[in-house]
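Below: the structure, in structure tokens.
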Amino acid sequence: MKCMVCGHKFLDGHFSAEQLTELYTDYYPRRSFDLEKFSPYVERTGFFAWSNGLRSSAFRWVPNNVRVLDIGCGFGETLAYHTARGCEVYGVEADENIRRVAERFGFKVRVGLFDDSEYQANYFDYVTMDQVVEHVTDPVSTLRGVARILKPEGSLILSFPNANGWGAKIFRRFWINWHAPYHLQFFSRTSIQRAAEQAGLFVSDIRTITSSEWLLYQWIHLITCPKAGETSCFWSPDKKGMTFQQRMGIKIFILIHKTRINHLLTRIFDALGMGDNYMCVLRKK
């Protein structure tokens with residue numbers, strides 16, 4: 001569906017909290033992650049970080065020594081990253097697989113959907129939602145809850161797919177970031193501004209910064225995209241069902257990626273404001 005006024009696109013689906021928890025716990029690949037191989041994200045700067053689009057992740061916009069909540073903290077790598085930088089860090093994650101990480105490393109994580117009533121008002125310096133806001137069923141309500149727990153002039157850092165970028169225009173129905181039924185919301189510049197205003201926030205910065213890895217995943221998705229109702233071998237941990245031709249195609253795309261042509265293309269489209277990923281900073285009024 002698409003709003004003809006603000007350009008917001010959305011999947012006309014309705015999910016209960018229990019259904020969403022099942023989607024992420026049972027079908028996302030984190031259940032196969034090896035806890036012994038857990039490692040935090042590390043700080044990277046310079047040409048490598050720029051060419052790879054590492055600033056496309058919301059957690060990299062958070063300074064040292066602040067109180068931060070990461071909504072949708074995944075497998076917990078961001079929590080370890082912030083902890084190492086002197087932050088007081090909290091997490092929220094719908095995927096039950098975060099429990100074993102939190103128990104092992106002592107992270108303060110609430111398992112389930114974000115509920116602002118579980119936190120004090122005006123408590124956090126920063127809140128991050130890295131590839132998360134597109135997953136929520138009621139984004140305005142979620143943003144309003146974030147605004148309540150942010151300190152005055154606190155910041156919410158968002159990253160989310162750009163359905164008006166070059167990728168969606170070129171690849172159309174095969175654009176990897178449609179990602180149904182997980183991605184429910186697709187914000188435009190106008191719709192995120194309107195949502196922020198309704199929540200008591202305002203947009204202080206918005207731009208496209210995209211990970212160069214995304215373009216590699218897009219090429220792979222083109223040759224592994226299954227028919228409706230079939231499991232995707234792209235998301236399968238053991239690549240079950242992948243044909244010989246698909247395996248060879250992936251190896252070729254990986255070799256091309258190593259030439260850094262994907263990096264160059266990604267940086268060009270980001271410079272034109274047509275990248276696949278929005279980085280957005282919302283401030284509390």
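If you're wondering where the values come from, they're calculated on a predicted model, not measured in any experiment.
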Given the rule in the side chain to side chain contact (heavy atoms under 4.5 Å, CB included) test, do Leu158 and Ile192 qualify, once you have shown the distances and angles that lead to the verdict? CA-CA 10 Å; Leu158 301 172; Ile192 192 61; 4.0 Å; yes
I would like to know whether Thr21 and Glu96 meet side chain to side chain contact (heavy atoms under 4.5 Å, CB included); could you show each step before the answer? CA-CA 8 Å; Thr21 298; Glu96 291 277 349; 4.2 Å; yes
Would you check, one step at a time, whether the test side chain to side chain contact (heavy atoms under 4.5 Å, CB included) holds for Glu213 with Asn52? CA-CA 7 Å; Glu213 301 293 324; Asn52 283 274; 4.2 Å; yes
So Gln185 and His8, side chain to side chain contact (heavy atoms under 4.5 Å, CB included) or not? Walk me through it. CA-CA 8 Å; Gln185 315 292 338; His8 186 80; 2.9 Å; yes
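Between Trp178 and Trp175, the ring planes are perpendicular. Angles over 60° get that label, and only those under 30° would be called parallel. Ring orientation note: the planes of Tyr119 and Phe114 are close to parallel, at an angle under 30° on the 30°/60° scale.
With rounding to the nearest 0.5 angstrom, the CZ atom of Phe160 is 10.5 Å from the CE atom of Met129. Here the CG atom belonging to Leu69 is positioned 10.5 Å from the CD atom belonging to Glu118, to the nearest 0.5 angstrom. With rounding to the nearest 0.5 angstrom, the CG atom of Asn262 is 11.0 Å from the CD1 atom of Ile254. Here His263 contributes atom NE2 and Leu215 contributes atom CG; the two are 9.5 Å apart, rounded to the nearest 0.5 Å. Atoms OG and CG, on Ser155 and Asp125 in that order, are 9.0 Å from each other to the nearest 0.5 Å. Atoms NZ and OG1, on Lys108 and Thr83 in that order, are 8.0 Å from each other to the nearest 0.5 Å.
For the pair Arg55 and Trp50, the cation does not sit on the ring face, since its NZ or CZ is not both under 6.0 Å from the ring centre and inside 45° of the axis.
Applying the 6.0 Å contact sphere to NZ of Lys258 captures no more than 12 heavy atoms from other residues, nucleotides or ligands. For Arg260, the CZ atom counts as densely surrounded, since its 6.0 Å shell holds more than 12 non-hydrogen atoms of other residues, nucleotides or ligands.
With Ser188 contributing its side chain and Cys6 its backbone, the two residues share a donor-acceptor pair below 3.5 Å. One N or O on the side chain of Asp276 and one on the backbone of Gly167 form a donor-acceptor pair closer than 3.5 Å. In this structure, Thr25 contributes its side chain and Glu22 its backbone to no donor-acceptor pair below 3.5 Å. Remark: side-chain polar atoms of Glu134 are not paired, donor with acceptor, to backbone N or O of Tyr182 under 3.5 angstrom. For the pair Thr224 (side chain) and Ile220 (backbone), a donor-acceptor distance under 3.5 Å is present. Although no hydrogens or angles enter the test, the distance criterion places a donor-acceptor pair under 3.5 Å between the side chain of Arg85 and the main chain of Val62. In this structure, Asn64 contributes its side chain and Gly86 its backbone to no donor-acceptor pair below 3.5 Å.
Residues His135 and Tyr24 place their aromatic rings such that the two centres sit under 6.0 Å apart.
Counting only heavy atoms from C-beta outward, the side chains of Thr142 and Val133 never approach each other to under 4.5 Å. Using a 4.5 Å cut-off on side-chain heavy atoms (C-beta onward), Lys284 and Asn122 make contact. Contact of the Ile176 side chain with the Trp214 side chain is not registered, since no non-hydrogen atoms from C-beta on lie closer than 4.5 Å. The closest side-chain heavy-atom distance from Arg194 to Val5 is below 4.5 Å. Between Trp219 and Phe171 there is a side-chain heavy-atom pair separated by less than 4.5 Å. Side-chain contact between Leu255 and Thr259: absent, with no pair of heavy atoms (C-beta onward) separated by less than 4.5 Å.
Comment: Lys227 does not engage Glu230 in a salt bridge, judged by the lack of any side-chain N to carboxylate O separation of less than 4.0 angstrom.
Applying the side-chain hydrogen bond (donor to acceptor under 3.5 Å, both in side chains) rule to pairs touching residues 159-170 yields Lys9-Asn164, Asp130-Ser159, Gln131-Ser159, sequence neighbours excluded. The salt bridge (charged side-chain N to carboxylate O under 4.0 Å, His left out) pairs that include a residue from residues 56-80 are Arg67-Glu88, where partners are two or more places apart or lie in different chains.
Linking Ile, Leu, Val, Met, Phe, Trp and Tyr whenever their side-chain heavy atoms come within less than 4.5 Å leaves Leu79 and Tyr123 in two separate clusters. Taking hydrophobic clusters as Ile, Leu, Val, Met, Phe, Trp and Tyr residues chained together by side-chain heavy-atom distances below 4.5 Å, Ile261 shares a cluster with Tyr217. Phe124 and Tyr81 are not part of a single hydrophobic cluster, where members link through side-chain heavy atoms under 4.5 Å apart. When hydrophobic clusters are built by joining Ile, Leu, Val, Met, Phe, Trp and Tyr residues whose side-chain heavy atoms come closer than 4.5 Å, directly or via intermediates, Leu282 is grouped together with Tyr278. Cluster membership for Val92 and Leu23, using ILVMFWY side-chain heavy atoms within less than 4.5 angstrom, is not shared.
Across every non-hydrogen atom of Cys73 and Gly91, the tightest pair is SG-CA, 4.0 Å. When every heavy atom of Arg283 is checked against every heavy atom of Ser204, the shortest pair comes out as CG-OG, 3.4 Å. Gly72 and Glu93 make their closest contact through C-OE1, 3.3 Å (heavy atoms, listed as atom of the first residue, atom of the second, distance). Taking all atoms of both residues into account, the shortest heavy-atom contact from Phe15 to Thr137 is O-CG2, 4.1 Å. Contact detail for Leu11 and Pro181: the closest heavy-atom pair is CD2-CA, 3.9 Å. Taking each heavy atom of Val140 and Ala199 in turn, the nearest pair found is O-CB, 4.2 Å.
A side-chain donor from one of Arg267 and Ser212 sits under 3.5 Å from a side-chain acceptor of the other.
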